[in-house]
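Computed from a prediction, not measured in an experiment: that's the story for all the values here. Numbering of ligands and ligand atoms starts at 1, following listing order.
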Amino acid sequence: MSDRPVRVRFAPSPTGPLHMGGVRTALYNYLFAKKHSGTFIIRVEDTDQARFVEGAQDYILDAMKWCGIMPTEGPGLGGDYGPYVQSERKGLYRPYAEELVKNEKAYYAFDTSEELTKMREQAKEMGMPNWQYNSVTRGSMQNSLSLSVDVVQSKIEAGEPYVIRMKMPRNVDVRFNDEIRGWVVVNTNNLDDKVLFKSDGMPTYHLANIVDDYLMKISHVIRGEEWLPSAPLHVMLYDAFGWEAPKFAHLPLLLKPDGNGKLSKRDGDRLGFPVFPTNWTTSSNEVYSGYKEKGYFSGAFINMLALLGWNPGTTQEIFSLDGLVEAFSLERVSKAGAKFDPDKTKWFQQQYLRATENSVLAELLQEKLNSDHDLTVLSGLCGLVKERATFIGDLWEEGSFLIERPTNFDEKTARKKWKSDAPTIMLEFKERLDEIDDFNPENIESVFKSFLEEKSIGVGSVLPQFRLLLSGKGMGPSMFDIASFLGKKETNERLEIGIKVLATQNA
Ligand code: GLU
């Protein structure tokens with residue numbers, strides 16, 4: 001590790017909402033920064049004005065806030081290296097591009113986009129489909145390397161639009177040690193003369209990214225694998241400026257659940273799971289669903305994401321955010337793509353819901369129902385059914401009968417279990433229950449057991465019927481817990497009412 005203080009950045013382009021892969025990149029940056037007592041920065045890379053999407057920047061920051069992975073430097077957050085939005089830094093980049101031209105690392109190119117298209121087409125006709133502006137072709141193009149100084153000067157004075165291109169040297173091996181992939185070596189013959197500065201006065205991603213990483217004293221660049229092909233150019237740029245390059249770590253791709261290709265924005269709603277942290281509404285009012293609105297806890301979502309491409313080296317799967325900070329290292333990030341697993345994501349949510357205090361679940365349920373149910377009652381309800389729930393809404397689906405008397409009795413169970421002798425058995429059982437003073441689960445269970453013994457009947461002749469009468473359902477938590485929760489009076493009344501209703505339902 002470099003001995004520079006750790007400063008990492010998440011550098012999204014506001015071209016749309018933040019996809020799950022982007023959240024994971026932000027998360028790994030956050031974890032790495034915290035682990036090394038460093039600084040986590042967000043920088044908005046909006047140099048491509050044509051792809052700018054209104055609302056995306058706010059969405060990204062709000063989503064990161066929901067995830068609990070807020071940077072400490074960034075737009076609206078303060079920091080000594082701002083502004084943190086590239087369009088607000090516009091004036092700053094040109095001198096850097098000019099410096100490269102002066103040092104013969106870059107050059108002016110006057111070729112119009114029509115001329116470039118024509119060139120590509122001609123090359124294609126001649127059997128070269130992948131024409132590139134590079135060390136071989138640049139000599140026959142319109143640029144400050146092929147034209148005389150006077151011509152170049154007069155073109156600039158005449159206000160002809162031009163770009164500044166990187167002068168990629170011929171046949172040089174560019175090498176860097178990626179923290180995840182090890183040594184990466186690329187020969188410059190495979191690289192083209194990328195545009196660094198555009199004719200609209202804006203830098204391209206490449207130049208702005210390098211200049212800002214340098215000015216913001218970024219120590220480690222942790223980003224998605226899709227940027228790996230750009231890394232050799234970035235290394236060359238650091239070299240051209242004479243700056244120390246940050247360390248690079250290129251994260252593995254997130255793959256579709258079947259492992260076939262990259263998880264894309266379109267996969268989500270198509271395959272039945274969200275790919276965005278929170279809902280995203282397009283300008284034409286189309287809504288893409290988010291984990292938050294689907295009912296996921298941010299902790300569960302983050303925990304799941306952390307393990308997509310990283311592993312702690314143990315079998316532990318449940319980690320708090322602090323636990324992740326503690327355990328995280330780039331060495332344990334894998335090179336291979338990580339398959340997204342929607343079922344496992346649900347499993348994480350289940351584990352988080354189960355581990356949440358009943359009183360907290362009760363408040364969340366109260367809020368979801370927008371009701372004024374007593375919180376102690378709701379808390380008891382949550383305790384009884386949380387093992388059967390994944391989302392807050394499930395708690396009510398599973399447990400509403402604990403507050404509201406059933407009006408429907410599960411037909412299948414009624415047909416199978418409500419035989420002709422059931423009313424008599426249940427009335428008798430009701431009488432035994434009535435004799436209990438302290439209506440707690442243990443007492444109810446022991447009365448239940450002696451009742452079975454005394455009548456020489458099996459569990460199946462009482463328990464499913466008991467459940468049906470009290471809850472209307474065929475399955476659920478322990479009946480002794482349910483009856484105790486309802487109390488003796490309510491249990492009695494439900495038994496009476498249920499027996500009457502079932503007499504008509506099954507008639
Ligand atoms: N703006 C780039 C993106 O949208 C950032 C890549 C990088 O981190 O260098 O992902």
Exercise. Nearest protein heavy atom to atom 4 (O) of ligand 1, by residue and atom, and its distance?
Worked result: Ser13 OG, 3.1 Å

Exercise. Using 4.0 Å as the upper bound for N to carboxylate O, is an ion pair formed by Asp394 and Arg388?
Worked result: no

For this session: With heavy atoms of Glu45 as the reference, note each atom of ligand 1 found under 4.0 Å away.
Result: 1 (N), 2 (C), 5 (C)

Exercise. Does a salt bridge link Lys344 with Glu317, judged by any charged N lying under 4.0 Å from a carboxylate O?
Worked result: yes

Problem set entry | Per-atom contacts, ligand 1 versus Asn209 - under 4.0 Å to a heavy atom | 7 (C), 9 (O)

For this session: Could you tell me whether some N/O pair between Ala11 and ligand 1 is separated by less than 3.5 angstrom?
Result: yes

Seminar exercise, completed: protein heavy-atom neighbour closest to atom 8 (O) of ligand 1 works out as Arg9 NH1, 2.7 Å

Exercise. Quick one: nearest non-hydrogen protein atom to atom 6 (C) of ligand 1, plus distance?
Worked result: Tyr205 OH, 3.4 Å

Problem set entry | Sidechain N-carboxylate O distance under 4.0 Å for Lys102, Glu98 | no

For this session: Specify side chain, backbone, both or neither for Thr25, according to which of its non-hydrogen atoms lie closer than 4.0 Å to ligand 1.
Result: neither

Exercise. Thinking salt bridges, do Arg9 and Glu73 make one under a 4.0 Å N-O criterion?
Worked result: no

Exercise. If you measure from each non-hydrogen atom of Phe10 to ligand 1, which part falls under 4.0 Å: side chain, backbone, both or neither?
Worked result: neither

Problem set entry | atom 10 (O) of ligand 1 - nearest protein heavy atom and its distance | Trp227 NE1, 3.2 Å

